[in-house]
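These notes are about the structure you will find just below.
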Amino acid sequence: MPWLLKSEPDVFSYEDLVRVGREGWNGVRNYQARNFLREMREGDLCLFYHSGAQPTGVAGVARVVREAYPDDLQFDPASEYFDPSSTPENPRWSMVDVAPVLALPAVLTLQTLRTLPEWQDSPLTRRGNRLSVFPVTPEQFGAALRAAGVEDDGLV
């Protein structure tokens, strides 16, 4: 199943993912988004979306390389994501590891995604969506790649 992962590029961008090669997708503190992380499987593809940027949009494609495990930040008192009610025996928050697959030639903007019929009923294109992780359909994934000028053969 394909996914969409949002990150603010000034915090962690697709270029940062390319530079480090693999990264834990941690710091998610929404129960629905956490549950989506727990549904991800190794090999699943993700649209890497730059939020809070100009322009906002899909910057690249990543792949899940490690399935959900306890988010390390929940146990770190120095972290803004520390959760004192979470314990190693009963962790509340999860993370996955992702690796870069493909940088898009240019950011595929939210404005462009809104014009694609496949994206008309997406949480991303609806007003008020704040989830940082959610599933996308294979049709949405393919339409996004085609709109970005990328062949999706072999990816989906």
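Being a predicted model, the structure only gives us computed values, none of them experimental.
Contact check for Glu23 versus Val20: side-chain heavy atoms found under the 4.5 Å cut-off. Looking at Leu145 and Leu104, their side chains come closer than 4.5 Å, going by heavy atoms from C-beta outward. A heavy-atom distance below 4.5 Å is not found between the side chains of Gln140 and Leu124.
The closest donor-acceptor contact from the side chain of Thr125 to the backbone of Ser122 lies under 3.5 Å. Without hydrogens or angle criteria, Arg146 side chain to Gly142 main chain gives a donor-acceptor distance under 3.5 Å. A donor-acceptor pair under 3.5 Å is absent between the side-chain atoms of Arg63 and the main chain of Val101, judged by distance alone. Using a distance-only test at 3.5 Å, with no hydrogens or angles considered, a donor-acceptor pair links the side chain of His50 to the main chain of Tyr14.
Between Arg41 and Asp44 no salt bridge is recorded (no basic side-chain N to carboxylate O distance below 4.0 Å). Here Arg92 does not pair with Asp71 in a salt bridge; the nearest charged N to carboxylate O distance is not below 4.0 Å.
With hydrogens and angles left out, the side-chain atoms of Thr109 and Thr112 include a donor and acceptor closer than 3.5 Å. Under 3.5 Å, the side chains of Trp25 and Asp97 contain no donor-acceptor pair of N or O atoms.
Between Tyr31 and Trp93, a ring centre-to-centre spacing shorter than 6.0 Å is recorded. Ring pair Phe36/Phe134: centre-to-centre distance not below 6.0 Å.
For the pair Arg66 and Tyr69, the cation sits on the ring face: its NZ or CZ lies under 6.0 Å from the ring centre, inside 45° of the axis.
One distance of note links CG of Leu47 with CG of Leu108; it measures 8.5 Å at 0.5 Å rounding.
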